[in-house]
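Worksheet for the structure shown next.
Each chain gets a letter, A, B and so on, in the order the sequences are listed, and its residues count up from 1. Computed over heavy atoms, backbone and side chain alike; hydrogens, waters and symmetry mates excluded.
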Amino acid sequence: MDAVYRLTAAILGDEADATDAAQETFVAAWRQIRGLRDPERFDAWLQRIAVNASRMTMRASGRRRVREIPSSRVPSLDDAATPAPRSDAAVLDAALRYLPVEQRSILVLHHLEGRTLAEIAATLEIPVGTAKARWFHARGALAKAIEAEEADS
Amino acid sequence: MRDGDPGWSDERLAAAFRERSVGRDTPEHLEAATMARLKITQPERRSTRWLALAAPLAAAIAVAAIALMSVTSPRPPDSAETDAAPSVGRATAPVTAPPPSVPTPPVITLEFPSGPHRILVDVVDRSGRLLRAAKASPPVSPGRPSRSIRASAVAGHPDQVHVEWFGGACDPTTQLTIGADLTSIRVESTDSRGVDPGALCRVGGSPRGVILTFDGPVRVEDIAIVGESPGPILQAAEALGLPVITVEEALRHRNESLDDTELAVFGYWYQPPITTTCPLIREISPVRPVCNDRGIWLTASPMADTPQDRPVLPPTDAALQPLIRDAIRMEGGMPVTGQPVLVVGHFDDHRAAACEPSVADECRGSFIADVLLDPANPTLDLDRVETGGPILDVDPVANVRNVERAATEAPNEARQILAAFAVPGGDLARYEPQAAEIPDLADAAAVWIVRYRDASDDGRPIVRTRLVIDGPPPLGDGVYEATSSGVSAVD
């Protein structure tokens, strides 16, 4: 459960959305579990479902009028006057918001989860060449977003 | 950095990803909420041979497999340094089905009535402090005339309930009112008087707009991180006319002679950097610590701030969990972990008498903080008293000096005010449940809650609570005293 939540949280960045997506992942996995032909590939199968659930959650989330703010990110009134310096994680977090879920997913799977591009291709059921191309474009988009974020800070 | 890659190197990026994941712990309620949904979800098809098992067994296999995956650490990518920081993912207890002794939580489907609805949602921070109260905004209409919500008890926590509002979001503009019991979950029309003040919204971490109050355990894990030895602390021997005692002495008082004596306890603040998502409970008491209240400690020795890659841990030394919901804060705001602090408060609050019998002992044993003070300068003036109260949607006519005179027949040095804040009469139940039953108080636009230090009949320092209906000075009519026996008018 932690691994799935970690993945959805890394992709979506939003605590509430990540919880939604994680829950949807398990429900979808349970619904589809009889279609799992190779139990040894359970990890990849579940990760694919989590990526899809994240994508669906992102779409639904975009329709909300007011976004939920994770309580852990709600600054205390007392903290308002003393903003903390921006860490790499904060810059990355902000930069990822510029990217579509598809690009975030491939970056998370590679750089956080440690999947090779071949494994990502298998997980997402896409050709390896497609995975490489997606990763390349995602990496470039992220670099631009990071550059923009760093320029703002 | 790879050739041709602009910006950060892969190693820096991987480290940033790991750092970004730190602290994003799996919400406490996710497992229970997921299990509740799985129970009402049927797998598709039954043709696959390897899973041609009875449904419960298949579910157990699925959950066990998921749990197995949950303890799998991510590997560093090919391009990352192999000696990078360890994974931030935490291995937790495997997900299991509720034990047989736990009854299956009921699933209740309720319909929203048609027409405009008004639902109150408050926003609280991690410590339970009110950041934003529900405003008296015009009623809002859901997009559809009728909506379904589903409520289910939380496995293993029969006094809690999750509520899902499909299509809704937990935000201050789409709101829901929770009744005092599960079956009275309802949507109010336009009259806020009927709203249960216990219905709070904990922002974030909620599946599909779950409306939450604080309850449920804060996740703490197994090992303590003890900080360095404390340096010399400039500490007053007396605060607000009370002798300063240690955490151990306060605990001894609770264990050996529990009463409502006002105590000034010196200790060190400890608040783990955790994210806690709290499920909804049917009833909340102002003196019963729940959920986030349990994450704050006053410890006898300082605890180090929990490193982000380490589990969050409870103190190993003597420690109190002060309930600080309405307490007046130190100048400069809330203390930080490791900071020395004087907490002035008491056990056996008068409101404990209104707790359910099953939790009465817990309520009596709660240490209710009235004031947090700097140990080096433990003073409190009236201006801080007035500004330190909850932030509420109320605009009182009187000020704290008017109220002081009315509530304590002051100026009276023996009756120092520790807290005074105004709340809408309709919100009184959140602070003084028994006062909410008095129509004159409940119907008032604003009621001052005044807590002042006094002496008991046997000479102990105690805190008394008086309620003053707001109005133009001089105040005098409409003063009530709240005690464990109830609320009565003061002549």
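- Taking 4.0 Å as the cut-off between side-chain N and carboxylate O, A:Asp88 and B:Arg20 do not count as a salt-bridged pair.
- Taking the side-chain hydrogen bond (donor to acceptor under 3.5 Å, both in side chains) definition, one finds that A:Gln103 meets it with nothing, sequence neighbours left out.
- Between chain B and the residues A:Thr8, A:Thr25, A:Leu96, the largest count of heavy-atom pairs under 4.5 Å involves A:Leu96.
- Interface residue A:Leu92: backbone and side-chain heavy atoms are both found under 4.5 Å from chain B.
- In terms of heavy-atom proximity, B:Phe17 sits nearest to A:Val108 at CE2-CG2, 3.7 Å.
- Contacts of A:Arg48 classified as salt bridge (charged side-chain N to carboxylate O under 4.0 Å, His left out), with partners at least two apart in sequence or in another chain: A:Glu125.
- The contact between A:Leu142 and chain B is made entirely by side chain atoms (from C-beta outward), counting heavy-atom distances below 4.5 Å.
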